[in-house]
Enquirer: 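One structure is given below, represented as structure tokens, and several questions about it will come after.
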Amino acid sequence: MKAVYFDERDKGITMTYADIPESEVELAKKYRQQLLEAAADFDEGIFEKLIMEDYASITVDEIKRALRKGTIEMKINPVLCGSAYKNTGVQLMLDAVNDYLPAPTDVASIEGVNPKTEKPELRHPGEGEPFSALVFKILTDEYVGKLSFIRIYSGTIKVGESVFNTVKGENERIGRILRMNADNREDIEEAYAGDIVAVIGLKRSTTGDTLSDKSRQIVLENMVFPEPVIKVAIEPKSKASQERMTIAIQKLQEEDPTFKAYTDKETGQTIIAGMGELHLDIIVDRMLREFRVEANIGKPQVSYRETFTKPVSGVEGKFVRQSGGHGQYGRIIIDLEPNPGGGIEMENVIVGGAVSKEFAAAAWDGIVESAQSGILAGYECVDFKVRLVDGSMHEVDSSEMAFKIAGSMAFKEAAAKAGATLLEPIMKVEVVTPDDYLGDVMSNLNSRRGQVKGIEARVGAQAVECDVPLSEMFGYATALRSITQGRANFTMLFDHYDVVPKGVAEKVIGASKNGI
């Protein structure tokens with residue numbers, strides 16, 4: 001029940017406590033009462049004092065203890081006011097972290113899987129437990145190199161010790177341990193359960209890997225990273241930039257598992273891919289600022305996929321060449337069917353040794369390679385199952401290359417008959433808008449082929465949840481600002497792939513064939 005003032009002259013470092021202004025006293029009392037009622041749900045002593053209207057005897061320690069209990073049980077969420085921009089309220093927020101958030105010993109023990117027995121195991125948050133930690137972030141620092149941020153769940157580590165990466169199956173050595181305070185780094189010799197530190201010296205560890213004691217191995221939670229849904233071509237302006245770009249891409253991929261880069265086989269261009277326009281904008285900006293890469297950037301392209309709608313059977317792929325001496329012979333017969341959500345699967349049911357396992361594997365390699373370049377518009381084919389049902393081989397002329405080509409030929413012919421269709425990435429979008437603009441926002445989302453899943457009323461605003469194709473979301477941030485006078489905001493993340501409507505698919509296929 002005090003007012004706190006922050007001195008703007010020293011950027012909010014100096015705090016002053018004073019009485020609440022008279023004009024705000026009644027409002028403060030109203031919310032104080034709500035605070036006590038919330039605390040009473042977790043403390044019988046406070047509850048009894050409220051019943052007796054003995055407000056004066058309720059102490060600050062009692063309130064904090066009750067709120068901490070409710071927060072750890074995840075039944076209440078403390079909300080604080082402040083401004084990071086003006087450095088206002090930061091001290092109170094840090095105090096609240098101390099007062100209300102759980103210590104490592106306040107939460108349940110972490111559960112992992114023993115990689116040798118495949119059975120679940122617990123690691124308790126104590127220094128006497130076997131060491132276990134999760135690598136949750138990789139950062140490249142221009143002064144110290146690769147920083148691996150780890151959260152230690154149990155045990156301790158010291159500088160110079162070896163730990164075991166249970167995901168990669170390799171030993172790693174701890175070169176330095178750093179306690180990070182924003183840009184300030186403090187070298188420490190040892191870190192304990194509950195600590196979050198940065199480690200230098202890990203060569204092979206990446207985001208999501210588990211580090212543990214080699215004699216007591218465990219794999220902690222598995223991080224799943226979605227595939228990129230948007231891509232752009234990037235071309236360095238000079239040879240010096242080409243070299244810097246190669247280094248930049250390598251380091252940025254280490255830091256961010258959702259960022260991918262590859263070379264287009266047909267055009268020779270370097271393609272970078274990520275989770276959205278903003279994601280790639282930040283990547284390109286970092287290349288320019290941190291790595292001094294000057295490059296031309298192409299227009300964003302949606303990562304469509306191709307799949308099939310009907311099964312076909314008995315499709316033959318036959319490759320025969322005779323040019324003197326040893327020839328080439330490979331023949332394979334396949335069935336192809338849709339496999340919605342199941343990825344790419346292969347089943348070999350060839351009997352009687354008509355095709356050896358080595359040649360069958362080569363045919364499968366040809367099918368997979370052919371699927372990468374698509375049928376309709378050059379996009380990767382997904383969610384199909386191929387069954388190798390028959391074939392034949394020549395005792396002299398057959399080779400793995402011949403069967404690889406035969407497999408590719410069989411796949412292309414089967415795909416042409418299997419009702420190939422385009423899939424597009426669908427984004428889960430949440431728009432929070434003031435009530436006054438709800439109609440305009442809904443109308444705009446409908447024009448973008450959005451499917452509204454629900455509308456939730458909030459204080460003075462409406463939260464609209466909908467699914468929208470990624471191809472329709474380009475420039476949405478600018479459009480939303482214009483519609484709502486800058487008062488609405490939105491979040492967007494990839495959800496799933498879905499079939500592209502026929503009219504849109506024709507435009508995409510046409511643009512692809514015309515090289516647009």
Side-chain angles (χ1 to χ4, degrees), residues 227 260-271 273 303-423 509 512-515:
E227 285 297 308
K260 298 282 194 294
Y262 61 93
T263 301
D264 189 297
K265 292 180 182 177
E266 294 181 5
T267 64
Q269 288 179 307
T270 299
I271 307 295
S303 288
Y304 292 97
R305 295 285 187 269
E306 298 180 18
T307 193
F308 308 104
T309 57
K310 57 185 181 183
V312 291
S313 58
V315 179
E316 180 186 64
K318 187 175 183 180
F319 179 69
V320 182
R321 287 287 185 275
Q322 196 69 46
S323 55
H326 282 307
Q328 295 283 351
Y329 181 88
R331 176 174 169 268
I332 197 81
I333 298 175
I334 68 170
D335 295 344
L336 185 149
E337 63 185 54
N339 188 26
I344 301 174
E345 292 183 19
M346 189 268 285
E347 186 181 359
N348 184 358
V349 295
I350 299 173
V351 294
V355 176
S356 69
K357 288 185 178 179
E358 292 79 9
F359 290 158
W364 174 243
D365 288 342
I367 290 168
V368 171
E369 195 172 291
S370 190
Q372 296 291 321
S373 55
I375 301 299
L376 296 172
Y379 297 103
E380 181 186 351
C381 294
V382 296
D383 294 349
F384 64 87
K385 183 175 182 178
V386 170
R387 191 176 293 105
L388 308 181
V389 294
D390 201 0
S392 59
M393 53 187 182
H394 191 280
E395 59 185 27
V396 176
D397 292 347
S398 287
S399 67
E400 290 187 3
M401 181 55 68
F403 271 92
K404 187 174 182 181
I405 296 170
S408 176
M409 293 167 67
F411 175 77
K412 287 178 180 177
E413 187 175 338
K417 301 175 181 177
T421 185
L422 271 185
L423 300 174
I509 294 167
S512 174
K513 288 179 178 177
N514 294 325

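Heavy-atom basis, side chains included; hydrogens, waters and symmetry copies ignored.
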Enquirer: Decide yes or no on side-chain contact (heavy atoms from CB on, under 4.5 Å) for Ile509 and Tyr304, but give the supporting numbers first.
Expert: CA-CA 11 Å; Ile509 294 167; Tyr304 292 97; over 6 Å; no
Enquirer: May I have the list of side-chain donor-acceptor pairs in residues 399-412 shorter than 3.5 Å, sequence neighbours left out?
Expert:
from   : atom 1 : to     : atom 2 : distance (Å)
Ser399 : OG     : Gln328 : OE1    : 2.7
Ser399 : OG     : Ala402 : N      : 3.2
Lys404 : NZ     : Glu369 : OE1    : 3.1

Enquirer: Identify, with sequence neighbours excluded, every residue that meets side chain to side chain contact (heavy atoms under 4.5 Å, CB included) alongside Ser392.
Expert: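 Testing Ser392 for side chain to side chain contact (heavy atoms under 4.5 Å, CB included), a comparison that skips the adjacent residues, returns Tyr329, Arg331.
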Enquirer: Can you list, pair by pair, the side-chain donor-acceptor contacts under 3.5 Å of residues 375-387, counting residues two or more places apart and other chains?
Expert:
from   : atom 1 : to     : atom 2 : distance (Å)
Asp383 : OD1    : Gly343 : N      : 3.0
Asp383 : OD2    : Gly341 : N      : 3.2
Lys385 : NZ     : Glu347 : OE1    : 3.4
Arg387 : NE     : Glu347 : OE1    : 3.2

Enquirer: Got a sec, which residues hit side chain to side chain donor-acceptor pair (under 3.5 Å) with Asp365, two or more places apart in sequence or on another chain?
Expert: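 With neighbours one apart ignored, the set is empty.
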Enquirer: CD1 of Ile350 to CG of Asp390: how many Å apart, nearest 0.5 Å?
Expert: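 One gets 6.5 Å once the value is rounded to the nearest 0.5 Å.
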Enquirer: Quick one: does Ser373's side chain have a donor or acceptor within less than 3.5 Å of a partner on Ser370's backbone?
Expert: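 Checking the backbone N and O of Ser370 against the side chain of Ser373, a donor-acceptor pair under 3.5 Å is found.
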Enquirer: Not counting sequence neighbours, which residues clear salt bridge (charged side-chain N to carboxylate O under 4.0 Å, His left out) with Lys417? List them please.
Expert: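 With sequence neighbours excluded, Lys417 shows a salt bridge (charged side-chain N to carboxylate O under 4.0 Å, His left out) to Glu413, given in chain and number order.
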Enquirer: Drop me the distance from Leu336's CG to Ile367's CD1, to the nearest 0.5 angstrom.
Expert: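 Rounded to the nearest 0.5 Å, the CG-CD1 separation comes out at 8.5 Å.
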Enquirer: Over all heavy atoms of both residues, which pair between Trp364 and Met346 is shortest? Give the atoms and the distance, please.
Expert: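 Nearest heavy atoms, Trp364 then Met346: CE3-CG, 3.1 Å.
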Enquirer: Drop me the distance from Phe359's CZ to Leu388's CG, to the nearest 0.5 angstrom.
Expert: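 Result: 14.0 Å between the selected atoms.
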Enquirer: Can you measure from NZ (Lys318) to CD1 (Ile332) and round to the nearest 0.5 angstrom?
Expert: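 Output value for this atom pair is 13.0 Å.
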Enquirer: Would you indicate whether the side-chain heavy atoms of Ile271 and Gln269 approach each other to under 4.5 Å?
Expert: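 Contact flag for Gln269/Ile271 side chains = yes.
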Enquirer: If the condition is side chain to side chain contact (heavy atoms under 4.5 Å, CB included), which residues does Thr309 pass it with, not counting sequence neighbours?
Expert: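 With sequence neighbours excluded, Thr309 shows a side chain to side chain contact (heavy atoms under 4.5 Å, CB included) to Thr421, given in chain and number order.
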